[in-house]
Number of protein chains: 2
Amino acid sequence: MTPGAGTGWLAIAGLGPGDAALVTPEVSAALTEATDVIGYIPYVARVPARDGLTLHASDNRVEIDRARHALELAAKGARVVVVSSGDPGVFAMAAAVFEALEAEPAAWGGIDIRVLPGITAMLAASARAGAPLGHDFCAINLSDNLKPQALIERRVRLAAEADFAIAFYNPRSKARPDGLVRAFEILRTTCGDDRPVLFARAVSTPEESLSIVPLTEARAEMADMRTMVIVGSSLTRIIARAQGPILYTPRSAP
Amino acid sequence: MTPGAGTGWLAIAGLGPGDAALVTPEVSAALTEATDVIGYIPYVARVPARDGLTLHASDNRVEIDRARHALELAAKGARVVVVSSGDPGVFAMAAAVFEALEAEPAAWGGIDIRVLPGITAMLAASARAGAPLGHDFCAINLSDNLKPQALIERRVRLAAEADFAIAFYNPRSKARPDGLVRAFEILRTTCGDDRPVLFARAVSTPEESLSIVPLTEARAEMADMRTMVIVGSSLTRIIARAQGPILYTPRSAP
């Protein structure tokens, strides 16, 4: 399903959470055929250099510039892969590319554009912990860069009311230390004290660490930019094992 | 990250949506080392037969029997892979295995159990259509086999109120023709008439077909057991292109 070689194309690809064994063969094939790889510095660093491949690494928060650059190169005949961590369609580069495309559809109308899915962070974190997303769930980006804090809080409240398990992306950064504090405050008013909270950091990398704590003991300081936070539903529970706890949500709801 | 060979182990693995290019190397490696593969008939059919590998295919709706069988084999020293379509942790076999484990923790306490993530159906469907899950979203299983219809309807209502994009798993089967009808009825009372609805059938297989219609024209008959239905948020929109429409949700919310 890789875009055909010979003419320019643009693939927006997900590299998964970190481990090369979690990169799909589809994405690996696109990287093999690419002339240009574009993305945020740490993601481009995961692509091996080779002759004929130009790596374009850029800093965070320049997503639209990066998207325009990728479209421009593809329009000139380059075979371009925009890389995201995880899945490119989940709080990542695919939407940014489409925003840039929509702004100037005539300029880039002819480009073959494909999105190549990847293992998004919540799936990797869930797998490592057990199966906390085994029943209905939602994914909320806690970054308030591009949306009002009030909307985030409203979604957290309604998600708790719906009794979804909740995966929080971008739970915390230096610029936004308080979003996760507020989310936990809201959840404490709705959910039981012993609601399990998973902090899964850098899953599938050498820096991986996991911890599960009850909601009353969950602190925003337990998360950083590389952490996925998953709050269980009312049914999510823990199986204690010598090898470490398993966190899962059963399939049945009463 | 494959469980070590030599002793018994159990891997609960996701085969992705269908295309072999979407199976992670981690899952392929586990299948190479396995002595036994267990799963629903059409998923086991995707695993190539070879000497030394026993394929155990079973029918739908026997998930707990299948989970117990897998644990029993692993306890006897077999290297067992339980296969699911998509991701094993999203409405699939991981939760069933943990239910079986929790019921008899002593019997199966020593087994090395790992969950190997996969490309779940909503990510594959989203990638093919564009990026409808580019902003906050939720995933709801419409099957009422294991939960009350009232809970499903409540979640659909709250998800619309939260303005999530919504991915519906198991939208329709012969035994449950009406769940999706009800979901669309609820959404029509909350969402605008032109809210886009994606029907993505058998993505990444030869039978793949996609269509996008406004909510007013969405009919339950457009889905079957192999269809993923994604309803956009209020911000989800369509870019018309000669190559086919792109459905996406921008990163910003006002």
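Lettering of chains follows the sequences in order, A, B, ..., and the numbering in each one begins at 1. Keep in mind that this is a model prediction, so the values were computed, not measured.
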With chain B as the partner, which of A/Asn141, A/Leu22, A/Ile12 has the greatest number of non-hydrogen pairs under 4.5 Å?
A/Leu22
Which of [options] touches chain A most, by non-hydrogen pairs under 4.5 Å:
options	answer
B/Thr24, B/Thr120, B/Val23, B/Asp136	B/Asp136
B/Gly118, B/Ala124, B/Ala159, B/Ala96	B/Ala96
B/Leu133, B/Val97, B/Leu123	B/Leu123
B/Ala242, B/Gly110, B/Gly16, B/Ala94	B/Gly110
B/Ser126, B/Gly130, B/Pro132	B/Gly130

Under the ring pair (Phe, Tyr, Trp, His ring centres under 6.0 Å) definition, can you give me all pairs with a residue in residues 103-133 of chain A, not counting sequence neighbours?
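As it turns out, there is no ring pair (Phe, Tyr, Trp, His ring centres under 6.0 Å) pair with a partner in residues 103-133 of chain A once direct neighbours are skipped.
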By the ring pair (Phe, Tyr, Trp, His ring centres under 6.0 Å) test, which pairs, at least two apart or in different chains, include something from residues 137-156 of chain A?
none
Tabulate, in ascending numerical order, the residues of residues 246-254 of chain B having at least one heavy atom closer than 4.5 Å to a heavy atom of chain A, or enter 'none'.
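Under the 4.5 Å heavy-atom cut-off, B/Ile246, B/Tyr248, B/Thr249, B/Pro250, B/Arg251, B/Ser252, B/Ala253, B/Pro254 qualify.
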Only counting residues at least two apart or in another chain, list the ones meeting salt bridge (Lys or Arg N to Asp or Glu O under 4.0 Å) with B/Arg66.
none
Please classify the contact between B/Leu151 and chain A as side chain, backbone, both or neither, with a heavy-atom cut-off of under 4.5 Å.
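For B/Leu151, side-chain heavy atoms alone lie under 4.5 Å from chain A.
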Side chain, backbone, both or neither of B/Met122 within contact of chain A (heavy atoms, under 4.5 Å):
side chain
